[in-house]
Amino acid sequence: MSDTAHAHANTPCSPEETEAFLAVADEIAEARGQRMTRIRRKVLQLLIEAPEPAKAYDLLERLDGEGSAKPPTVYRALDFLQELGLAHKIESLNAYVACGHASHRHSAIFLICEKCGRAEELHSVTTTEALKSETEAAGFTLSRAVIEARGLCRTCAA
Ligand SMILES: [Zn+2]
Ligand SMILES: [Zn+2]
Ligand SMILES: [Zn+2]
């Protein structure tokens, strides 16, 4: 591991290509006895391709032409994607992002840039483990967590 690799906080755990990402999503859904329906697939695709965290109504707008896409349909698809760990909701932005780390157990830790508004999910392993053991010590059974860290991204800090 070089220093440059460490400087890049977000280790890609999933393919960057949309099609490859969707293929991984199919496998994850299948392993859970679930199915990526047309709408779930389309919503995930929009999230993968969105340059910034996407709001539900933006997704709904871009789903135009997908027939019966209504708000509840989009929210159900987003819930499904979150359950499978394929997407996360960033509460403070009220927006959603595709998860590139679905292949390993993790809590979602977002690095949110206060200047450009981009949100990057940190590849977190030790933080996830620490959170698990410390919540367990408090007698709490953790099901999922989304941590929102605010500051300046690499580009804006440069
Ligand atoms: Zn994630
Ligand atoms: Zn920035
Ligand atoms: Zn990862």
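Counting starts at 1 for both ligands and their atoms, following the listed order. Note that these values count all heavy atoms, side chains included, but never hydrogens, waters or copies made by symmetry. Quick caveat, the model's predicted, so the values are computed rather than measured.
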Exercise. Residues in side-chain contact (heavy atoms from CB on, under 4.5 Å) with A50, at least two apart?
Worked result: A54, R62
For this session: Verify whether one side chain among S92 and R150 offers a donor that lies under 3.5 Å from an acceptor in the other.
Result: yes
Exercise. Do the side-chain N and O atoms of H88 and E121 include a donor-acceptor pair separated by under 3.5 angstrom?
Worked result: yes
Problem set entry | Connected via hydrophobic side-chain network under 4.5 Å: L60 and I90 | no
For this session: State yes or no: do L47 and V24 share one hydrophobic cluster built from I, L, V, M, F, W and Y residues joined by side-chain heavy-atom distances below 4.5 Å, directly or via other members?
Result: yes
Seminar exercise, completed: Protein-derived N, O or S atoms lying less than 2.8 Å from the Zn ion (ligand 1), waters not counted, sum to 5
For this session: Output the atom name for the N/O/S atom of H123 with the smallest distance to the Zn ion (ligand 3).
Result: ND1
For this session: Check the surroundings of atom NZ in K115: do more than 12 heavy atoms from other residues, nucleotides or ligands lie under 6.0 Å from it?
Result: no
Exercise. Quick check: are there more than 12 heavy atoms from other residues, nucleotides or ligands sitting under 6.0 Å from CD of E52?
Worked result: yes
Problem set entry | the Zn ion (ligand 2): protein N, O or S atoms [distance under 2.8 Å] | C113 SG, C116 SG, C153 SG, C156 SG
For residues 133-141, please give each side-chain donor-acceptor pair under 3.5 Å, one per line with the distance, not counting sequence neighbours.
from: S133; atom 1: OG; to: E129; atom 2: O; distance (Å): 3.4
from: S133; atom 1: OG; to: A130; atom 2: O; distance (Å): 3.2
from: T135; atom 1: OG1; to: L131; atom 2: O; distance (Å): 2.7
from: T135; atom 1: OG1; to: K132; atom 2: O; distance (Å): 3.0
from: E136; atom 1: OE2; to: K132; atom 2: NZ; distance (Å): 2.8

Problem set entry | Presence of salt bridge, R41 and D26, under 4.0 angstrom | yes
Problem set entry | Least distance between heavy atoms, C99 atom then H106 atom | SG-NE2, 3.4 Å
